Every structure is written in structure tokens, then in C-alpha cells.
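Structure first, then comments.
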Amino acid sequence: FVPTLGNNRVDQLLLGTDGMLAANTPASVASAGGAGPRHIAIHPNGKLAFAINESNSTVTPYQLSADGKLTAGTTLASLPNDFNGNNSGAHIEVSPNGRFVYASNRGHDSIVVYATDPVSGALTFVQHAPTGATPRDFDVDPNGEVLIVANQGDSDLYVYKIEDDGKLTRLGGAVAGPPSPSAVQIHYLK
């Protein structure tokens, strides 16, 4: 699946045994007008996917068929109703246990947390966790216990504990990072 921000769709591709990519049928799934899908994450059960839409600051859940086709569910705002500033969605991830979806807001400077229904993919708002300026990327550790966000505007990193209810609790203060970090990846040393 390839979110195409400028074309306002998610392209659906198949990988052949020869290593070549070919369009599925249909070749793409249109997003809501002006949504601008940026990133997509697949649920651990392989039957759901979730896209963060950069342009209209929303998250769209999808049903994922066995033959690699997406069917959109109900899109939700990634911002609080009373937010009036500029914002763009950036990154999205599903917790390893599949119970929660996390998405970053650049402008509101937060990670939005949703609980997800494991069958339908329907999202239920849980929390907006404040971050530093411009949370461009984040990673959830493979155990689903920690989330680290790279704040591009502040050049720092925040570490959060993932609670049993999916909420994020910041651990300590900001950690100085490289200038304008654009991505972060957690890897545990043995």
C-alpha cells in the first residue's frame, strides 16, 4: 500500500514471485476530498490498516481483504474539536498487541491515541499526549511498552510509557537529539 498525498489516494500493489510490483484491482482507493494520506500502518492481525491523512488531520481505518484490497471505515479527526491552528498529520503506528493506534500531529504538537476494535477497525478516541514542537516521527517498541517521538522543531526526543489503557505517560524531560530529527527507530541491544 502506497499513500499518495498529492493524488489523494492509497495505491494498492501486488508483489509477484518475480519481485515485480503490479497494480491490484482496483489500483487505488480514493481518500476523502483533500485528506492527503501520508503514512499507513497494518494491524498485527493482517485484516486492518490505518492511514494518517496529512492535509485534513484525520485518521482513516480500513478493512483489509485477503486479496490485498482496502475498504475505508469511518474517518476521525486527529485534533481536538476546539483546536484552531495549523496542523498536518505525520506518522501512524499500531501497538504490537493491536489494541491501540497512535498518530502524530504537527502543529497541535501531540500524539493522538485511539483504541481500535479488532474486527471492524473502528477507532475510539483515548488521549492527546502533548509533545515537543513538530513531532515528525515516532516508534513503538516491539514489546508495546514504550513510545519515543522525534520532535523536529525542538531537535529533541520524548520517551513515553504506554499504559495498559493505551495512554501515554511521559518519562522524564526532553532528551537532546540531533538537529531537526526526521525519524526514530527503537532497537534493543542483547
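Not measured: the values here are computed from a predicted model. Throughout, residue positions are numbered sequentially from 1 according to the sequence presented.
Counting only distance, with no hydrogens or angles, the side chain of His128 and the backbone of His108 share no donor-acceptor pair below 3.5 Å. Side-chain atoms of Ser110 do not come within 3.5 Å of backbone N or O of Val112 as any donor-acceptor pair. Using a distance-only test at 3.5 Å, with no hydrogens or angles considered, no donor-acceptor pair links the side chain of Asn56 to the main chain of Gly36. In terms of modelled atom types and a separation under 3.5 Å, the side chain of Asn24 and the main chain of Gly68 share a donor-acceptor contact. The backbone N or O of Ala103 lies less than 3.5 Å from no partner atom in the side chain of Tyr114, so there is not a single donor-acceptor pair. The backbone N or O of Pro26 sits nowhere less than 3.5 Å from a side-chain atom of Lys69 that would complete a donor-acceptor pair. Between the side chain of Asn8 and the main chain of Ser31, a donor-acceptor pair closer than 3.5 Å is present. Listed for the Ser104 side chain is a donor-acceptor partner under 3.5 Å among the backbone atoms of Pro135. Side-chain atoms of Asn143 never come within 3.5 Å of backbone atoms of Asp141 as a donor-acceptor pair (strictly under, hydrogens ignored). Remark: side-chain polar atoms of Arg9 are not paired, donor with acceptor, to backbone N or O of Ser28 under 3.5 angstrom.
The heavy-atom pair separating Ala35 from Asn53 by the smallest distance is O-CB, 3.3 Å. Of all the heavy atoms in Tyr102 and Phe138, the pair that sits closest is O-CZ, 3.3 Å. Scanning both residues, Val126 and Ala115, for their nearest heavy atoms gives CG2-N, 3.4 Å. Pairing each heavy atom of Phe100 with each of Asp165, the nearest pair is CE2-O, 3.1 Å. Nearest heavy-atom pair across Leu70 and Val29 is O-CG2, 3.5 Å. The heavy-atom pair separating Asn97 from Ser95 by the smallest distance is OD1-OG, 2.6 Å.
To the nearest 0.5 angstrom, Ser55 atom OG is 4.5 Å from Leu5 atom CG.
Cluster membership for Leu15 and Met20, using ILVMFWY side-chain heavy atoms within less than 4.5 angstrom, is not shared. One hydrophobic cluster, built from ILVMFWY side chains closer than 4.5 Å, holds both Ile186 and Val159. Under the 4.5 Å side-chain heavy-atom criterion for ILVMFWY residues, a single connected hydrophobic cluster contains both Tyr188 and Val184. Criterion: ILVMFWY side-chain heavy atoms under 4.5 Å apart, direct or through other members. Under it, Tyr62 and Val101 are not part of a common hydrophobic cluster. In the hydrophobic clustering of ILVMFWY residues, with side-chain heavy atoms under 4.5 Å counting as a link, Val94 and Ile42 come out apart.
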* Asked: Does the side chain to side chain contact (heavy atoms under 4.5 Å, CB included) test come out yes or no for Asn105 and Leu79, once each step is laid out?
  -> CA-CA 8 Å; Asn105 286 303; Leu79 297 169; 3.7 Å; yes
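Taking 4.5 Å as the limit, every side-chain heavy atom of Leu76 sits out of range of all side-chain heavy atoms of Thr58. In this structure, the side chains of Asp117 and Leu48 stay at 4.5 Å or more apart for every pair of heavy atoms. Looking at heavy atoms from C-beta onward, Ile52 lies out of side-chain contact with His91 at the 4.5 angstrom threshold. Between Leu168 and Lys161 there is no side-chain heavy-atom pair separated by less than 4.5 Å. By the 4.5 Å heavy-atom criterion applied to side chains, Val59 and Ile92 are counted as neighbours. At a threshold of 4.5 Å between non-hydrogen side-chain atoms, the residues Ser120 and Gln63 count as touching.
Scanning for ring-ring contact (aromatic ring centres under 6.0 Å, His included) contacts around Phe50 gives an empty result, with sequence neighbours left out. Among residues two or more places apart in sequence or in another chain, the side-chain hydrogen bond (donor to acceptor under 3.5 Å, both in side chains) test is passed with Ser88 by Arg106.
Residues Gln185 and His187 bring no donor and acceptor atom of their side chains to less than 3.5 Å of each other. Between Thr131 and Asp109, the side chains place no donor N or O within less than 3.5 Å of an acceptor N or O (distance only, hydrogens not considered). Between the side chains of Thr169 and Glu163, at least one donor N or O lies within less than 3.5 Å of an accepting N or O.
No more than 12 heavy atoms of other residues, nucleotides or ligands shown are found within 6.0 angstrom of CG on Asn86. Taking a 6.0 Å sphere around CG of Asp18, one finds it holds more than 12 heavy atoms contributed by other residues, nucleotides or ligands.
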Show the atom names and distances, to 0.1 Å, of all donor-acceptor pairs under 3.5 Å that link a side chain in residues 144-158 to residues at least two apart or in another chain.
unit_1: Asn151; atom_1: OD1; unit_2: Gly132; atom_2: N; d: 3.2
unit_1: Asn151; atom_1: ND2; unit_2: Asp156; atom_2: OD1; d: 3.0
unit_1: Asp154; atom_1: OD2; unit_2: Ala133; atom_2: N; d: 2.7
unit_1: Ser155; atom_1: OG; unit_2: Ser180; atom_2: N; d: 2.9
unit_1: Tyr158; atom_1: OH; unit_2: Arg170; atom_2: NH1; d: 3.1

